[in-house]
Amino acid sequence: MSTLKDKVAIVTGGNSGIGLATAEEFIARGAKVVITGRNRDAVDAAASGLGSGTLGVTADQASITDAEALVNTVKERYGKVDVLFVNAGIGAFAPVNDVTEEQFDQMMNVNFKGAFFTIQKFLPLLNDGASIILLSSINAFTGMPGASVYSASKAALNSLGRTLSRELATRRIRVNTVNPGPIKTPILAKAGLDEASVASFHQKFAERIPLNRAGESAEVAKLVAFLASSDASFITGAEYNIDGGFTVHELLG
Ligand SMILES: NC(=O)c1ccc[n+]([C@@H]2O[C@H](COP(=O)([O-])OP(=O)(O)OC[C@H]3O[C@@H](n4cnc5c(N)ncnc54)[C@H](OP(=O)(O)O)[C@@H]3O)[C@@H](O)[C@H]2O)c1
């Protein structure tokens, strides 16, 4: 399937989890891909695993200076961008009383402020008719205890997606948001959970998910690749849950 043939696609946080799977899916559909991440070794390893032609750029999404440098690097290499997948994000979980200002700022800076300025800095490089996809979470509209800041940082993304879909429509740039439920990636381990806690987390989720399991990164990647392609040419300002039915309230069951 060559739905992204010769398109230039940026994946922030593309060295791991959903970002890496989406970079693979974009490449399988014919795109030229640029991935970013914080850690040079991880970015280089992922880029070389994705194959020659994939550009890996070390860029902290929380840094506007890094975003500007990333845009310049992409401009020199490709001169234009067709798909911007703003995926990089971090999770940290604590009851409201225990959240420090530092934790608050770090999560908002990466998940929301960084996403905002990444888009702003890429705007001059985006082709008219380009596609922007924001990776949010079902946390954006649910009330999971311990996730106050993470959830708010994601809800801000959904709001941004709606506003930008209207602002950028004059350039036919489509902006859509994807809200995954629990997906098996390294994110919980990076948030400090040990292997047993991650497994028990996913087990608890699975028991409450109608499809009875956590999702795979590759399943999210397919949805993102659809939104990136012209198959989704009349879709903008939309949000898609991909959660095995987790957030559908059964009312009576
Ligand atoms: N997994 C889930 O259940 C789930 C559910 C809903 C939403 N999400 C969202 O999905 C997105 C991807 O997460 P994931 O689950 O695939 O986790 P992941 O495997 O940890 O991937 C996150 C990616 O973002 C990168 N990243 C983190 N902070 C960054 C920064 N400041 N600058 C640049 N890159 C940064 C990570 O790089 P490093 O290798 O340096 O960490 C990694 O490549 C996140 O926005 C997350 O909130 C995940």
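Order of listing sets the numbers, starting from 1, for every ligand and every atom in it. The basis for the numbers below is simple: all heavy atoms, side chains too, and nothing from hydrogens, waters or symmetry mates. Since we're looking at a predicted model, the values are computed, not measured.
Only the backbone of Ala59 comes within 4.0 Å of ligand 1, counting heavy atoms alone; no side-chain atom from C-beta on gets that close. When non-hydrogen atoms are compared, ligand 1 lies under 4.0 Å from the backbone of Ser136 (N, CA, C, O) but not from its side chain.
Checking only distances, Asn39 never comes within under 3.5 Å of ligand 1, N or O to N or O. Inclusion of Asn87 in the set of residues having an N or O under 3.5 Å from an N or O of ligand 1 is warranted. Residue Ile18 has at least one nitrogen or oxygen atom sitting less than 3.5 Å from a nitrogen or oxygen atom of ligand 1, judged on distance alone. Residue Lys190 has at least one nitrogen or oxygen atom sitting less than 3.5 Å from a nitrogen or oxygen atom of ligand 1, judged on distance alone. Polar contact with ligand 1: absent for Pro180 (N/O pair, distance under 3.5 Å).
Annotation: atom 37 (O) of ligand 1 to nearest protein heavy atom, Asn15 OD1, 3.5 Å. Looking at atom 31 (N) of ligand 1, its nearest protein heavy atom turns out to be Asp60 OD1, 2.7 Å. Atom 25 (C) of ligand 1 has its closest protein heavy atom at Gly13 CA, 3.5 Å. Annotation: atom 41 (O) of ligand 1 to nearest protein heavy atom, Arg38 NH2, 2.6 Å.
The side chain to side chain contact (heavy atoms under 4.5 Å, CB included) test applied to Lys204 returns Ser200, not counting sequence neighbours. Under the ring-ring contact (aromatic ring centres under 6.0 Å, His included) criterion, Phe201 pairs with Phe205, sequence neighbours left out.
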